[in-house]
Number of protein chains: 2
Amino acid sequence: MIRINRETDYATAILGVMAAEPDERFSASGLAARRGLPGPVVSKILKQLVRGGLLRSHRGAKGGYSLARDAGAISIAEVIMAMEGPIALTDCIEGGGEACQFHAHCVLSTNWSRINDAIYRALQDVSIKDMIEPLTDDHPGLRNLGRHVRDSLGGSAGQAKAFRFDHG
Amino acid sequence: MIRINRETDYATAILGVMAAEPDERFSASGLAARRGLPGPVVSKILKQLVRGGLLRSHRGAKGGYSLARDAGAISIAEVIMAMEGPIALTDCIEGGGEACQFHAHCVLSTNWSRINDAIYRALQDVSIKDMIEPLTDDHPGLRNLGRHVRDSLGGSAGQAKAFRFDHG
DNA sequence: CCGAAATGGGACCGATTTGGTACGGTTTGA
DNA sequence: TCAAACCGTACCAAATCGGTCCCATTTCGG
Ligand code: FES
Ligand code: FES
């Protein structure tokens with residue numbers, strides 16, 4: 001249904017809580033209580049975000065999780081990729097040509113790729129910090145969403161590709 | 001995975017074939033052969049597109065399907081909605097507040113709504129006709145993708161809502 | 001008027017994904 | 001030493017996906 005899964009939604013909510021108090025450490029159970037979510041679910045999400053490099057974890061008693069970088073530098077696109085893998089609307093885009101028999105001669109794939117690109121950049125332009133702050137004149141935030149989109153589409157014809165998370 | 005399902009992808013491919021020869025009638029089996037897809041699958045998709053009002057069907061021998069309107073007036077957003085229902089990234093957006101307990105006081109929902117809005121408009125700005133024509137200077141097509149997106153975000157703070165197909 | 005060629009509307013099924021739980025192991029601070 | 005945390009992974013039910021099958025209905029053409 002062209003929808004992000006529930007865990008990703010939870011992830012943004014959790015990151016939102018954490019972004020309000022950076023430099024703080026949060027336990028999984030504490031965050032779960034704060035958001036009214038089941039403990040194990042929150043725990044699973046946090047582990048995934050650590051793997052994606054968005055959070056840092058601290059083991060042992062008095063351990064917990066903290067943001068790996070500034071909330072303004074964590075985009076929704078990254079959250080989605082950390083939770084769900086590459087952003088690729090179609091199999092064809094993800095496979096990069098292997099998946100689809102007609103790829104070489106198919107004009108659709110390049111245009112799907114552009115649409116995918118547009119959506120990706122839209123998601124990349126929104127940070128966790130943007131998400132927790134209401135829109136004001138001082139905080140343009142989401143208002144600029146789409147500018148990069150337009151700019152990008154004037155550029156070179158993008159090869160079909162999926163946007164993959166850089167786990168390095 | 002923020003991905004459209006396969007049938008929707010097929011649907012655009014099929015519509016692409018039909019858009020190349022408007023005013024023509026196509027049988028399900030003929031289209032299946034043309035695209036190398038299984039007959040029953042194509043048939044199912046076509047029925048769905050008729051329900052969505054994108055195609056007109058003609059029953060009986062020598063019947064078939066034809067575009068309900070000009071290919072330039074059928075957007076990808078409509079195709080997706082016809083095949084998969086409302087475009088709503090999160091449950092919260094689709095439910096419109098019923099689904100989510102915190103809705104009234106949650107700043108995330110309005111921002112998710114904006115992102116959803118941006119994606120929706122991006123999809124609405126691309127027509128089937130755009131999809132089958134390679135990008136040239138004469139045919140700006142996808143190049144304008146994102147302009148409406150930016151414009152819309154300057155406007156009033158959108159209520160969380162899903163973009164539903166108008167089956168009327 | 002009959003039969004072939006089409007669509008219409010479902011039911012149905014296996015495979016995959018999703019959403020969530022459970023459990024045993026490991027690290028660390030007090 | 002012990003409890004508080006995280007780590008990994010397996011597991012499960014329910015929903016969704018991708019696809020097939022069947023039969024009723026409509027229409028054209030001979
Ligand atoms: S959709 Fe894969 S090549 Fe056209
Ligand atoms: S996510 Fe539903 S109200 Fe915040």
Side-chain angles (χ1 to χ4, degrees), chain A residues 1-11 13-14 18 24-33 35-66 68 80 83-86 88-92 94 99-100, chain B residues 1-11 13-14 18 24-33 35-66 68 80 83-86 88-92 94 99-100:
Chain A
M1 297 172 246
I2 200 166
R3 140 169 332 200
I4 64 174
N5 63 28
R6 184 122 61 180
E7 278 181 1
T8 306
D9 191 9
Y10 292 167
I14 292 167
M18 299 179 75
E24 200 72 14
R25 279 193 190 175
F26 300 87
S27 72
S29 56
L31 287 167
R35 275 297 185 193
L37 296 173
V41 172
V42 172
S43 190
K44 189 167 155 185
I45 292 169
L46 290 167
K47 284 178 228 174
Q48 197 66 26
L49 292 175
V50 169
R51 280 191 210 173
L54 305 187
L55 295 181
R56 242 194 301 268
S57 66
H58 313 272
R59 304 184 63 160
K62 285 290 168 187
Y65 296 92
S66 54
I80 292 176
M83 298 299 299
E84 326 190 4
L89 280 184
T90 66
D91 284 341
C92 190
E94 180 162 21
C100 192
Chain B
M1 295 171 249
I2 201 167
R3 146 169 325 200
I4 64 174
N5 63 30
R6 183 128 52 185
E7 279 181 359
T8 306
D9 192 10
Y10 292 166
I14 293 168
M18 299 179 75
E24 200 71 16
R25 279 193 191 175
F26 300 88
S27 71
S29 57
L31 286 167
R35 275 298 184 190
L37 296 173
V41 171
V42 172
S43 190
K44 189 168 157 184
I45 292 169
L46 290 168
K47 285 179 225 176
Q48 198 66 26
L49 292 174
V50 169
R51 281 191 210 175
L54 305 187
L55 295 181
R56 242 193 301 270
S57 66
H58 312 273
R59 304 184 64 162
K62 286 289 168 189
Y65 296 92
S66 54
I80 292 176
M83 298 300 299
E84 323 191 6
L89 282 183
T90 66
D91 285 340
C92 190
E94 179 162 21
C100 193

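Chain letters run A, B, ... following the sequence lines, proteins first and then strands; every chain starts at 1. The structure presented is a predicted model; accordingly, all values stated were derived computationally and were not measured.
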*State, to 0.1 Å, how close A:A32 and A:G39 come at their nearest heavy-atom pair, and which atoms those are.*
CB-CA, 3.8 Å

*Taking atom P of C:dT16 as reference, at what distance in whole Å does atom CG of B:N5 sit?*
17 Å

*Keeping the roles fixed (side chain from A:R56, backbone from A:S66), state whether a donor-acceptor pair exists under 3.5 Å.*
no

*asked:* Quick check for you: among C:dT7, D:dG19, D:dT20, whose closest atom lies nearest to any side-chain atom of B:A28?
replied: C:dT7

*Upstream residue (5' side of DNA chain D) when A:G63 and A:K44 are each assigned their closest nucleotide*: A:G63

*Does A:N5 offer a backbone N or O that forms a donor-acceptor pair with the side chain of A:E84 under 3.5 Å?*
yes

*Among D:dC17, C:dG8, C:dG20, find the nucleotide with the atom closest to the side chain of A:R6.*
C:dG20

*Quick one: B:K47 NZ to D:dC22 P, roughly how many Å, whole number?*
14 Å

_I need the CD1-P distance between B:I45 and D:dG19, as an integer number of Å._
9 Å

*Where the side chain of B:V41 is concerned, which of D:dA5, D:dT20, D:dC17 is the nearest nucleotide?*
D:dT20

_C:dG8 phosphate, OP1 or OP2, under 4.0 Å from B:S57 side-chain N/O_ = yes

Polar atoms only, N or O, under 3.5 Å: list the protein pairs with nucleotides 26-30 of chain D and their distances.
| unit_1 | atom_1 | unit_2 | atom_2 | d |
| --- | --- | --- | --- | --- |
| D:dT26 | O2 | B:G60 | N | 3.3 |
| D:dT27 | O2 | B:A61 | N | 3.0 |

*For A:Q48 and D:dG8, what is the distance between atoms CD and P respectively, to the nearest whole Å?*
10 Å

_Without decimals, in angstroms, what is the distance between B:L55 CG and C:dG8 C1'?_
14 Å

*asked:* Of the options D:dG19, D:dG8, C:dT7, whose atoms approach the side-chain atoms of A:R51 most closely?
replied: D:dG8

*Using the side chain to side chain donor-acceptor pair (under 3.5 Å) rule, collect all pairs that involve residues 37-50 of chain A, keeping only residues at least two apart or in two chains.*
none

*Whole angstrom is fine here: how far is it from CG in A:D9 over to P in C:dT18?*
15 Å

*Residues that B:R6 engages under salt bridge (charged side-chain N to carboxylate O under 4.0 Å, His left out), provided they are two or more places apart*: A:D91

_Let me spell it out: for each of B:G64 and A:P40, pick the nucleotide of DNA chain C with the closest heavy atom. Which residue's pick is nearer the 5' end?_
B:G64

*So, is B:Y10 near the phosphate of D:dC17, with a side-chain N or O under 4.0 Å from OP1 or OP2?*
no

_Value in whole Å for how far the C1' atom of D:dG18 lies from CD1 of B:I4_ = 14 Å

*Looking at B:Y65 and B:M18, what are the two nearest heavy atoms and their distance?*
O-CE, 3.5 Å

*So, the side chain of A:R25 versus the backbone of A:K62: is there a donor-acceptor pair under 3.5 Å, distance only?*
yes

*asked:* Between P on C:dT7 and CZ on B:F26, what's the gap in Å once rounded to a whole number?
replied: 12 Å

